[in-house]
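Working notes for the structure below.
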Amino acid sequence: SAVISQKPSRDICQRGTSLTIQCQVDSQVTMMFWYRQQPGQSLTLIATANQGSEATYESGFVIDKFPISRPNLTFSTLTVSNMTPEDSSIYLCSVEGHLGTLNTEAFFGQGTRLTVV
Amino acid sequence: LAKTTQPISMDSYEGQEVNITCSHNNIATNDYITWYQQFPSQGPRFIIQGYKTKVTNEVASLFIPADRKSSTLSLPRVSLSDTAVYYCLVGEGNFNKFYFGSGTKLNVKP
């Protein structure tokens, strides 16, 4: 299994500001994804974080609002830009494809609970 | 877009076997079926994955009929700690991005 560390675990931010969420994995993985989960709801895929290239965004999500970096095979960041109260949610990092294994299951971080006031 | 349909909620009692069925009519040939469990304030946790017939591990069994258009997660002898949301997902076994459906909220009562 993978150990995924997300930072911060929670934050309260002022509207109009930006927050960068970090996702660190304890081993090299092929795929990293970012999800959003609003209270009481299911998870919604935001984007696939591609190493060394621009992220692939799902419908309804754009790079200007959610810039993503992935400098290597163990680390990614998601920035929530120019925040509004509607961005209040839990943001989760997910990883798949541990190098050197046949493991295909996805592992999720504990999430970052963001409140925008 | 979610490819799966599940009951929104289910109730059970401690010690009972719980079966949660998921419909995935448009499953592709290369798609696997994966189930995740999520507790409040935690990320989803992998339970079991299968392609066809039956798969069993230490926590659950997964039954998949021949046409693979549905699957059933079976939890033997549930306890209060099994109260959680259970998600059924389909996707290619290698490096697939998952689109989550609504999930099934299982409530285990004493």
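Below, chain A is the first sequence line, B the second, and so on; all start at residue 1. Predicted model, so just to flag it, every value in this text is computed and none were measured.
- Residue A/Ile12 places its CD1 atom among 12 or fewer non-hydrogen atoms of other residues, nucleotides or ligands, all under 6.0 Å distant.
- Heavy atoms from other residues, nucleotides or ligands lying under 6.0 Å from CG of B/Asn107 number more than 12.
- Here the CZ atom belonging to B/Phe100 is positioned 10.0 Å from the OG1 atom belonging to A/Thr44, to the nearest 0.5 angstrom.
- At most 12 non-hydrogen atoms from other residues, nucleotides or ligands lie less than 6.0 angstrom from OH of B/Tyr13.
- Here the side chains of A/Arg113 and B/Ser41 are in contact, with some heavy-atom distance below 4.5 Å.
- For A/Gln6, no part lies near chain B; criterion is any non-hydrogen pair under 4.5 Å.
- For A/Lys65, the NZ atom counts as densely surrounded, since its 6.0 Å shell holds more than 12 non-hydrogen atoms of other residues, nucleotides or ligands.
- For a residue to count as touching a neighbouring chain, one of its non-hydrogen atoms must lie under 4.5 Å from one of that chain's; by this rule A/Leu92 touches chain B with the side chain only.
- Under the 4.5 Å side-chain heavy-atom criterion for ILVMFWY residues, no single connected hydrophobic cluster contains both A/Val29 and A/Ile46.
- Between atom CD of residue B/Gln42 and atom CZ of residue A/Phe108 there is a gap of 13.5 Å, rounded to the nearest 0.5 Å.
- Within the 3.5 Å criterion, the main-chain N or O of A/Ala106 finds a donor-acceptor partner in the side chain of B/Tyr36.
- There is no path of hydrophobic side-chain contacts, each under 4.5 Å, that joins A/Val80 to A/Val62.
- Ring centroids of B/Phe98 and A/Tyr35 are separated by 6.0 Å or more, keeping the two rings apart.
- Smallest separation of non-hydrogen atoms from A/Ser42 and B/Tyr87: OG-CE2, 3.3 Å.
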